[in-house]
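In what follows, a single structure is set out as structure tokens and then discussed.
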Amino acid sequence: MEKTLEITAPSDREIVVVRDFDAPRRLVFDCMTKPDLLRRWMLGPPGWTMPVCEIDLRVGGAYRYVWHGENGEEMGMGGVYQEVAPPDRLVATELFDGAEDPSLVTSELVEHGGRTTLTTSILYPSKAVRDAMLATDMAAGMEAGYARLDALLAA
């Protein structure tokens with residue numbers, strides 16, 4: 001079955017991303033929250049690595065990711081967990097290096113017959129930031145990561 005990433009903008013500051021996975025939600029949640037698993041799929045474009053993946057998975061705990069590109073590029077981001085309810089829900093702030101104000105990311109996982117629907121809502125600090133994100137290759141980058149996650153979940 002072809003998997004598709006659905007992206008909508010239900011409000012002037014929000015993007016919602018929906019994607020299905022052929023795996024139970026507990027496994028999908030683990031892949032989203034365990035550094036050894038995250039490093040295997042959340043990599044962005046081909047050739048990128050994630051040398052820093054630190055997660056303190058508790059309310060008030062912080063996370064930090066840093067990616068390196070094959071041409072020397074570097075991108076980093078981090079945030080603080082606001083809600084941790086395995087395997088159903090994860091809420092955290094998200095602040096990319098160089099950005100001024102964090103976004104709020106809510107991930108909800110719903111399982112139906114061994115398949116999981118991941119709904120990720122990103123609330124940006126302004127319409128301008130949301131529009132700037134929509135203008136990027138965000139969808140392609142997310143789908144590339146989710147395709148790697150599909151392979152990891154199948155392994």
With the threshold set at 4.0 Å, does a side-chain nitrogen-carboxylate oxygen contact exist between R25 and D88?
yes

Quick test of your reading of the model: are R64 and D56 salt-bridged, counting only N-O distances below 4.0 Å?
no

Any non-hydrogen side-chain atom of V129 less than 4.5 Å from a side-chain atom of D101?
no

Tell me the closest heavy-atom pair linking A92 and Y81, and the distance in Å.
CB-CD2, 3.8 Å

Partner residues of W67 under the ring-ring contact (aromatic ring centres under 6.0 Å, His included) criterion, sequence neighbours left out
Y65

Note: P46 and E70 closest approach over all heavy atoms is O-OE2, 4.0 Å

Show your reasoning for whether side-chain contact (heavy atoms from CB on, under 4.5 Å) applies to Y63 and E94.
CA-CA 9 Å; Y63 69 93; E94 175 181 276; 3.6 Å; yes

Within this structure, what is the OG1-CD distance for the pair T106 and E108, rounded to the nearest 0.5 Å?
6.5 Å

Taken in chain and number order and not counting sequence neighbours, the residues that satisfy side-chain contact (heavy atoms from CB on, under 4.5 Å) with P51 are T49, H68

Among D30, I55, L43, L152, side chain to side chain contact (heavy atoms under 4.5 Å, CB included) partner for L38:
I55

Of the non-hydrogen atoms in S126 and R13, which two are nearest, and what is the gap between them?
C-CG, 3.9 Å

If you group Ile, Leu, Val, Met, Phe, Trp and Tyr by side-chain heavy-atom gaps below 4.5 Å, do V80 and L123 land in one group?
no

Please answer whether the main-chain N or O of P10 pairs with a side-chain N or O of T8 as donor and acceptor at a distance below 3.5 Å.
no

Dump the intermediate steps for side-chain contact (heavy atoms from CB on, under 4.5 Å) on L37 and R39, then the final yes or no.
CA-CA 5 Å; L37 297 173; R39 277 189 171 105; over 6 Å; no

Are F96 and W48 linked, directly or through other ILVMFWY residues, by side chains that come within less than 4.5 angstrom of each other?
yes

At what distance, to the nearest 0.5 angstrom, does CG of L153 lie from SG of C31?
4.5 Å

Mind checking whether V91 and V105 have side chains closer than 4.5 Å, heavy atoms only?
no

Hey, could you give me the OG1/CG distance between T4 and D20, rounded to the nearest 0.5 Å?
7.5 Å

Apply side-chain contact (heavy atoms from CB on, under 4.5 Å) to residues E6 and V17 and explain how you reach the verdict.
CA-CA 6 Å; E6 178 187 320; V17 180; over 6 Å; no

Between R26 and P86, is any pair of side-chain heavy atoms under 4.5 Å apart?
yes

Side-chain heavy atoms under 4.5 angstrom apart, residues restricted to Ile, Leu, Val, Met, Phe, Trp, Tyr: same cluster for L104 and L95?
no

Single-linkage hydrophobic cluster, 4.5 Å side-chain cutoff, Y124 and M75 together
yes

Rounded to the nearest 0.5 Å, how far does CG of L27 lie from CD of E111?
10.0 Å

Side chain E73, main chain N71, donor-acceptor under 3.5 Å
yes

Taking the side chain as C-beta and beyond, is there a heavy-atom pair between P125 and P102 under 4.5 Å?
no

Go through it in stages, so that I can follow the logic: the residues are K127 and D131, the test is salt bridge (charged side-chain N to carboxylate O under 4.0 Å, His left out), and I'd like the CA-CA distance, side-chain angles, deciding distance and then a yes or no.
CA-CA 6 Å; K127 181 181 187 308; D131 290 349; 2.7 Å; yes

Between R40 (side chain only) and L149 (backbone N and O only), is there a donor and an acceptor less than 3.5 Å apart?
no

How long is the straight-line distance from SG of C53 back to NZ of K34, given to the nearest 0.5 Å?
13.0 Å

Report yes if the side chains of E14 and V16 come closer than 4.5 Å at any heavy-atom pair, otherwise no.
yes

Over all heavy atoms of both residues, which pair between A139 and I7 is shortest? Give the atoms and the distance, please.
CB-CD1, 3.5 Å

Salt-bridge contact E83-R89 (side-chain N to carboxylate O under 4.0 Å):
yes

Are V66 and E74 packed together at the side-chain level, in the sense that at least one heavy-atom pair is separated by less than 4.5 angstrom?
yes

Name of the residue among T117, T120, T116, D150 meeting side-chain hydrogen bond (donor to acceptor under 3.5 Å, both in side chains) with R19
D150

Ring pair (Phe, Tyr, Trp, His ring centres under 6.0 Å): pairs with one or both residues in residues 129-155, sequence neighbours excluded
F21-Y146, W41-Y146

M142, M32: one ILVMFWY side-chain cluster at the under-4.5 Å cut-off?
yes

